[in-house]
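Let me begin by presenting the structure, written as structure tokens, before commenting on it.
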Amino acid sequence: MTHFFAPDRCETPEFTVRCYQPGDGRMLQEAANASYEHLRTFMLWAKPEFTWEEQEARVRRFCGLYLTNEDFVLGIFTPDNTRLMGGTGYHLRGHSLDDETAEIGMWISAQDAGKGLGTRVLKALLHWGFTAWPWQRIEWKCDTRNIASASVARKAGMQLEATFRQDVPLPDGTRRDTHLFSMLRDEYTGSQSR
Ligand SMILES: CC(C)(COP(=O)(O)OP(=O)(O)OC[C@H]1O[C@@H](n2cnc3c(N)ncnc32)[C@H](O)[C@@H]1OP(=O)(O)O)[C@@H](O)C(=O)NCCC(=O)NCCS
């Protein structure tokens, strides 16, 4: 792809998914710190107390990588842009943009989790990804013990394609099994025309 200018936002009445901007660090700090207990099992980056500066540095890094098409990290904001409800993104994870394959990752803040938001955001990202982005294949990976994550993928219509055994080493020295879910552009288009 000679030139690709990534779309920067997807707006719905309930949430806006958009790339991070300088100044978003405070909202990320508040959401991540308040969600530590909820995130710590499956989000290896979680820690009890992020400083504002750490999170501001992260959002600026995310912003830079977005503009250079290296990684598309997105925040899930309230429509009035006053609170971060979670994070998501289309990740290349070693693929080049020309492969047209992205992996969606996601976390929903403790205060917003368990209310169907993750499922609605994933559905919106599948729609956006297959209509405004070049993706031919979208993946979702989760620890096989992460029941909520697997449930969100299934409810959004993704297919369980494989389970990798002990493919990810964990900090405690054990290894986790991973479910790979996917959806193809053709499947998405077909499901819309039925
Ligand atoms: C996984 C996550 C993104 C899902 O988002 P969410 O908004 O909470 O999800 P939803 O409310 O749309 O759906 C959650 C589903 O999981 C189920 N669920 C939630 N927690 C569960 C648990 N501990 N055990 C079994 N099922 C659970 C819910 O019942 C619901 O299924 P249902 O609608 O069939 O009842 C969110 O919970 C989260 O951020 N978790 C921590 C970070 C994480 O694990 N991210 C994913 C990494 S792959």
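For this chain, numbers begin at 1 and follow the sequence in order. When a ligand or atom number is given, it counts from 1 through the structure's own listing order.
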Exercise for review: Go through the side-chain N and O atoms of T101 and D99 and say whether any donor and acceptor fall under 3.5 Å apart.
Suggested key: no
Review point. Do S149 and W140 have side-chain atoms, one donor and one acceptor, less than 3.5 Å apart?
Key: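 Present: a donor and an acceptor within the cut-off.
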Check your understanding: Between CH2 of W45 and CZ of R40, what distance do you get to the nearest 0.5 Å?
Key -> 13.5 Å
Check your understanding: Taking the six-membered ring for Trp, are H179 and F181 parallel (under 30°), tilted (30 to 60°) or perpendicular (over 60°)?
Key -> perpendicular
Check your understanding: Can the ring centres of F72 and W133 be said to be less than 6.0 Å apart?
Key -> yes
Check your understanding: Under 6.0 Å between ring centres, would you say that holds for Y90 and W135?
Key ->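 Here the rings of W135 and Y90 have centres that are less than 6.0 Å from each other.
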Revision key, fill the gap. Per the under 4.0 Å non-hydrogen criterion, ligand 1 touches H38, L39, F42, M43, M106, W107, I108, A113, G114, K115, G116, L117, G118, T119, K141, C142, N146, I147, A148, S149, S151, V152, K155
